Every structure is written in structure tokens, then in C-alpha cells.
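Accompanying notes for the structure given below.
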There are 2 protein chains.
Amino acid sequence: MNRGTRWRPSSGRERGAAISDLTAQRLSIYLRCLDDLQKAGVRTVSSQSLADRFQLNSAQIRKDLACFGEFGIRGVGYVVADLRENLTRILGLTRNRNVAILGAGNLGMALADYGGFNREGFRIVALFDKDRRKIGRVSRGGVPILDVRRLAEVVRRERVSIAVLAVPAEAAQPLFDRAARAGIKAVLNFAPTRLKGRSGVTLKVVDLKIQLENLAFHLARAEGP
Amino acid sequence: MNRGTRWRPSSGRERGAAISDLTAQRLSIYLRCLDDLQKAGVRTVSSQSLADRFQLNSAQIRKDLACFGEFGIRGVGYVVADLRENLTRILGLTRNRNVAILGAGNLGMALADYGGFNREGFRIVALFDKDRRKIGRVSRGGVPILDVRRLAEVVRRERVSIAVLAVPAEAAQPLFDRAARAGIKAVLNFAPTRLKGRSGVTLKVVDLKIQLENLAFHLARAEGP
DNA sequence: ATGTGTGAAGTGCTTCACAGCG
DNA sequence: CGCTGTGAAGCACTTCACACAT
């Protein structure tokens with residue numbers, strides 16, 4: 001990448017090269033670390049010292065960052081404030097994102113009030129459910145529970161781009177399709193089922209059941225035959 | 001694997017070959033599908049028809065399964081009931097596992113009552129917290145909230161092997177270490193922080209913040225410069 | 001001297017393609 | 001014939017190692 005002609009870091013706009021999902025996830029980790037460093041008053045940081053914090057290779061960090069431009073200073077490292085700003089922009093955290101949570105059960109309600117989801121850059125607009133008894137109420141944190149039939153309307157009016165699916169497995173696929181039709185562009189699926197995605201909608205899965213079973217698998221192996 | 005000498009499927013015990021984490025996760029997916037098939041009364045299934053359900057390659061499924069023995073019948077496929085039983089055993093879901101949830105906040109409480117976590121094979125024993133006002137109460141589903149200082153005692157007495165970390169980032173590392181010392185052998189970390197693990201303790205991460213930011217990243221790219 | 005940016009090598013996962021069993 | 005089990009090829013991600021900028 002960027003072979004031959006020098007690349008203008010000032011352009012602030014990376015090429016459309018495909019970025020691996022793993023790289024993208026690490027960018028979030030770097031950003032989190034840079035937040036801490038900035039709070040601690042650290043001015044510059046090297047890829048090596050970043051790598052030491054998590055168990056990562058310094059070359060990997062440099063490669064990840066190099067995908068988007070030349071942010072480092074040879075012989076010095078990266079300027080914390082600058083890199084932080086760049087990563088924030090690259091991750092698309094400068095503009096605010098509105099989020100809808102589909103399913104006002106235990107998990108949905110908890111996610112609506114969960115601090116980690118209300119981080120700067122994200123705003124939980126509403127919970128949606130089909131249960132009459134829940135509609136009209138609010139979560140403990142004050143997020144309103146709306147009728148799922150109003151989804152398309154709210155998505156359009158509030159410019160919701162992200163949906164979090166927190167419903168039982170059976171309800172997941174139809175709701176996903178409904179959300180996609182409503183104009184949702186990214187979905188985080190907590191339902192324990194494999195969804196059939198569609199182009200134009202990014203789909204990520206957090207399958208708690210599989211994670212737990214995975215732990216059981218490792219335990220079984222560790223305990224031996 | 002198993003080249004030369006034929007391998008006895010009847011032994012029911014796989015070699016100690018290293019199994020990739022990705023493979024292990026797919027085993028859970030297969031098992032879930034087999035549950036459905038068995039309920040639907042299907043007798044046998046081919047790797048191809050399994051592959052069609054999720055977007056997977058049939059060779060991958062065969063390879064995944066072949067790691068643990070020869071479960072298939074050439075020209076026919078896999079006998080649903082048999083494969084299901086084998087996968088259940090391989091994933092260590094025959095014996096019951098006791099689980100402790102550390103942190104009785106929004107997320108911890110929701111996870112304690114979440115259906116997906118109380119699946120056959122797992123039992124949520126208790127929530128643990130340090131907040132006096134929470135200790136002694138129970139979750140809506142009836143899971144008791146105990147003083148975190150009693151963790152080691154309960155882990156020993158109730159044979160808890162899995163802990164779910166649902167606490168703020170700052171509290172995660174000390175609690176993880178405490179759990180490890182108490183005899184916990186597997187940890188599922190929801191705290192938005194990179195933990196320093198230790199040998200003998202399996203550590204899996206579910207970082208909701210990173211997942212959300214990842215969606216934002218894809219949105220930002222899709223929307224273009 | 002120090003630490004980035006990056007080809008090249010290394011490693012591991014996925015897919016192909018086919019021998020061979022039922 | 002149909003489908004598994006599996007070497008080999010393909011592809012992707014990681015790590016190495018060093019030229020080169022400051």
C-alpha cells in the first residue's frame with residue numbers, strides 16, 4: 001500500500017482498500033488505549049509500548065495504522081492526540097449514531113441502560129417490542145418502549161442506522177428483514193441463531209450460547225478424557 | 001489425521017490434537033442445527049445440506065467433524081441422532097456446569113435471567129457483588145446476589161467452574177485474578193477491557209463496545225468519504 | 001540512535017478436488 | 001451413484017527483519 005508515490009496524511013481520507021474485520025476491531029482497542037494515555041497526559045507512544053499493553057505484535061499495530069495513512073513519526077512514535085483524533089474519524093465516531101434495540105426482554109432492557117452502549121457517539125433512541133404490556137413503558141434508564149409496528153416510522157424520523165436484535169431465536173430472522181426494509185444499515189444480533197444477511201446491511205453476531213459452550217468445550221478438554 | 005490405521009469411532013475419544021477455536025465454535029452451530037433436525041424428525045443429513053443452512057463450505061464441516069472421529073456414512077451422510085450425541089459429548093455438555101456471574105449491575109442481572117444462559121448443561125449458581133444494597137436480594141429469576149468476598153467459598157462448595165465477568169472496566173482485572181485464585185477455570189469477560197490472562201484459565205471476551213464501534217466503522221465506509 | 005513503514009516469510013484457516021467406501 | 005474423508009492448493013492474517021526517515 002502506498003508504494004511509489006508518497007501519500008498525503010493531510011488528506012485525511014483513506015483509499016477504498018478492503019480493511020479486514022480483525023483490523024477494524026483492533027482499531028477500537030487502540031483508540032480505547034489512546035483515551036487512557038491522553039488522560040494520563042502522555043504525549044507520544046510507540047507501537048512497541050502499545051503492543052506491550054495487550055498481547056500484540058508491534059508490527060501488526062503499525063500495519064493496521066498504515067492502512068489509513070502515515071500517522072507516525074520515525075524515531076519518535078505516534079502523537080497520542082493526533083492518532084486518537086485520526087482513529088476517531090476512521091472509526092466513524094465523529095458523527096453521532098442512533099441505535100434501536102429490538103426486543104424489550106431481559107437482555108434488551110439491560111443493553112438499553114448499559115453504560116457501554118451509551119458511549120459518546122451512540123444514542124439509544126428506543127426499545128421496540130410487540131408485547132402490549134410493555135409498550136408505552138420505559139426502561140429504568142428512561143428509554144421508551146415502542147410498538148414494533150412503528151419501527152419504520154421511527155427509523156426514518158430519527159435517522160436510526162443501527163439495530164440491536166435481542167429477541168428469541170424464532171423472531172430474529174423476520175425482525176431482521178423488517179429492520180432492513182425499514183432502512184437499518186447495521187445490525188448487532190444477540191439471538192442464538194444464524195441469520196441470512198442481505199447486501200447493504202452489515203451484520204455482526206454476539207452469540208452468548210456459543211461462547212458459553214466454547215468454555216465448556218475447553219473445560220472438557222482440560223479435564224481430559 | 002488418522003492416516004494409515006483406521007480409527008475406531010466406537011472409542012468415543014478423540015486425540016489430543018489442538019482444535020482451533022473457530023472449529024469449536026462451529027461445532028456449537030452444528031449441534032444447534034442437529035437439535036432442530038431431530039425435532040423435525042430428520043434421520044440423516046449430509047454435509048452439503050448442513051452447509052446450505054448457514055453460509056459455510058461443506059468441506060469445512062466434514063473437516064471439523066473429522067477431527068474427532070469418523071461419524072459419517074459414505075454415500076449417506078450423518079445420522080442425526082448419533083452426530084448430535086457425539087457433538088454433545090465432544091462439547092462437554094453431558095456433565096453439568098455451574099456458573100457464577102460477577103457483577104450484579106444491569107448486564108449481570110439480565111444475564112442471570114437470560115434463557116440462553118440457563119440452557120441444559122449450565123446452571124447459574126449466583127450473582128456476586130460488593131454493593132451492600134444488592135447483597136441478599138435476588139434477581140427477578142430468583143438467582144441470589146452474594147457478597148463477592150464469599151466467592152472462593154461458594155466456588156469450592158458448589159463446584160463452580162465458569163465465571164461471567166459483568167463489571168466496569170476498572171474492576172475487571174482484580175476480579176479476574178480473584179476468580180482464578182478461587183478455582184475458576186473459565187471466564188467470559190464482558191468488561192470493556194483487555195485482561196491479562198493466566199495459564200490454566202480459559203478466557204473469552206465479548207466486548208459490546210468494540211462490536212458497536214465496528215458497526216459504526218462499516219457504516220462510515222459504506223457512506224463513503 | 002530510535003522507531004516507523006513495509007516487502008517477504010511464516011502460519012493457520014478455508015476451499016478445492018478427488019480417491020474410495022457404502 | 002452419492003457422499004465422506006482428506007491431501008493439496010489457495011487465501012488471509014501475523015510476524016520478521018530491515019531500509020530509511022527524523
Side-chain angles (χ1 to χ4, degrees), chain A residues 1-9 14-15 17-27 29-30 34 37 42-80 82-83 86-87 214, chain B residues 1-9 14-15 17-27 29-30 34 37 42-80 82-83 86-87 214:
Chain A
M1 191 168 287
N2 301 335
R3 198 178 22 203
T5 35
R6 160 95 25 246
W7 208 69
R8 298 153 301 146
E14 61 275 4
R15 287 292 127 262
I19 302 298
S20 122
D21 227 62
L22 294 163
T23 295
Q25 262 169 256
R26 281 192 299 267
L27 294 183
I29 297 176
Y30 304 154
L34 289 166
L37 288 174
V42 179
R43 289 284 178 80
T44 66
V45 65
S46 70
S47 61
Q48 186 57 58
S49 72
L50 273 174
D52 292 343
R53 309 218 163 208
F54 349 96
Q55 51 275 46
L56 286 176
N57 182 291
S58 66
Q60 177 152 74
I61 296 178
R62 294 197 297 278
K63 269 226 158 88
D64 285 343
L65 298 177
C67 288
F68 302 94
E70 302 205 351
F71 301 127
I73 303 167
R74 295 176 188 223
V76 178
Y78 301 88
V79 176
V80 172
D82 291 357
L83 186 54
N86 274 309
L87 285 183
N214 201 256
Chain B
M1 190 169 288
N2 301 334
R3 199 178 22 205
T5 36
R6 158 101 19 248
W7 207 66
R8 298 154 301 145
E14 60 275 5
R15 289 292 127 262
I19 303 297
S20 123
D21 227 63
L22 294 163
T23 295
Q25 262 170 257
R26 282 191 300 265
L27 293 183
I29 297 175
Y30 305 153
L34 290 166
L37 289 172
V42 178
R43 289 284 176 80
T44 66
V45 66
S46 70
S47 61
Q48 186 57 57
S49 72
L50 273 175
D52 291 343
R53 310 217 162 208
F54 349 96
Q55 52 274 46
L56 285 176
N57 183 291
S58 66
Q60 178 153 73
I61 296 179
R62 294 198 297 277
K63 268 224 159 87
D64 285 343
L65 299 176
C67 288
F68 302 94
E70 303 204 351
F71 301 128
I73 303 167
R74 292 168 193 231
V76 177
Y78 300 88
V79 176
V80 172
D82 290 358
L83 186 55
N86 274 310
L87 285 183
N214 202 256

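None of these values were measured; they are calculated from a predicted model. The chains referred to below are lettered A, B, ... by the order of the sequence lines, with proteins before strands, and numbering in each begins at 1.
Environment of CZ in A:Arg26: crowded, with over 12 heavy atoms of neighbouring residues, nucleotides or ligands closer than 6.0 Å.
The CG atom of B:Leu87 sits 6.0 Å away from atom CG of B:Leu27, with the distance rounded to the nearest 0.5 Å. Residue A:Lys63 holds its NZ atom at 12.5 Å from OG of A:Ser20, rounded to the nearest 0.5 Å. In this structure, B:Leu50 CG and B:Arg62 CZ are separated by 11.0 Å, a value rounded to the nearest 0.5 Å.
The shortest distance between side-chain heavy atoms of A:Ile61 and A:Tyr30 falls below 4.5 Å.
Atom CZ of B:Phe71 is separated from atom P of D:dG5 by 9 Å (rounded to the nearest Å). Summarising the geometry, the separation between OH on A:Tyr78 and P on D:dT22 is reported as 14 Å, rounded to the nearest angstrom. Between the P atom of D:dT4 and the CG atom of B:Leu65 lies a distance of 9 Å, rounded to the nearest Å. When rounded to the nearest whole Å, the span between CG of B:Asp21 and C1' of D:dC13 equals 16 Å. When the C1' atom of C:dG12 is taken as reference, atom CD1 of B:Ile19 falls 14 Å away, rounded to whole Å. In this structure, A:Glu70 places its CD atom 13 Å from C1' of D:dT22, rounding to the nearest Å. Rounded to a whole Å, the CZ atom of B:Arg26 is 16 Å from the P atom of C:dG12.
Scanning both residues, A:Asn214 and B:Gln25, for their nearest heavy atoms gives ND2-N, 3.7 Å. In plain terms, the two heavy atoms of B:Phe71 and B:Leu65 that are nearest each other are CE1-O, 3.6 Å.
The residue among A:Arg62 and A:Val76 whose nearest nucleotide of DNA chain D lies closer to the 5′ end is A:Arg62.
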Nucleotide N/O of nucleotides 8-12 of chain D paired with protein N/O under 3.5 Å:
unit_1	atom_1	unit_2	atom_2	d
D:dA8	N6	B:Lys63	NZ	3.2

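Listed by chain and number, the residues in a side-chain contact (heavy atoms from CB on, under 4.5 Å) with A:Ser46 are A:Gln48, A:Ser49 (sequence neighbours excluded).
Of the candidate nucleotides C:dT14, D:dA21, C:dC21, D:dA21 has the atom lying nearest to any side-chain atom of A:Arg74.
For the side chain to side chain contact (heavy atoms under 4.5 Å, CB included) criterion with B:Tyr78, the lone passing option out of B:Leu37, B:Leu34, B:Asn86, B:Leu83 is B:Leu83.
Contacts with DNA chain D (heavy atom under 4.0 Å) in residues 43-61 of chain A: A:Asn57, A:Ala59, A:Gln60, listed by number.
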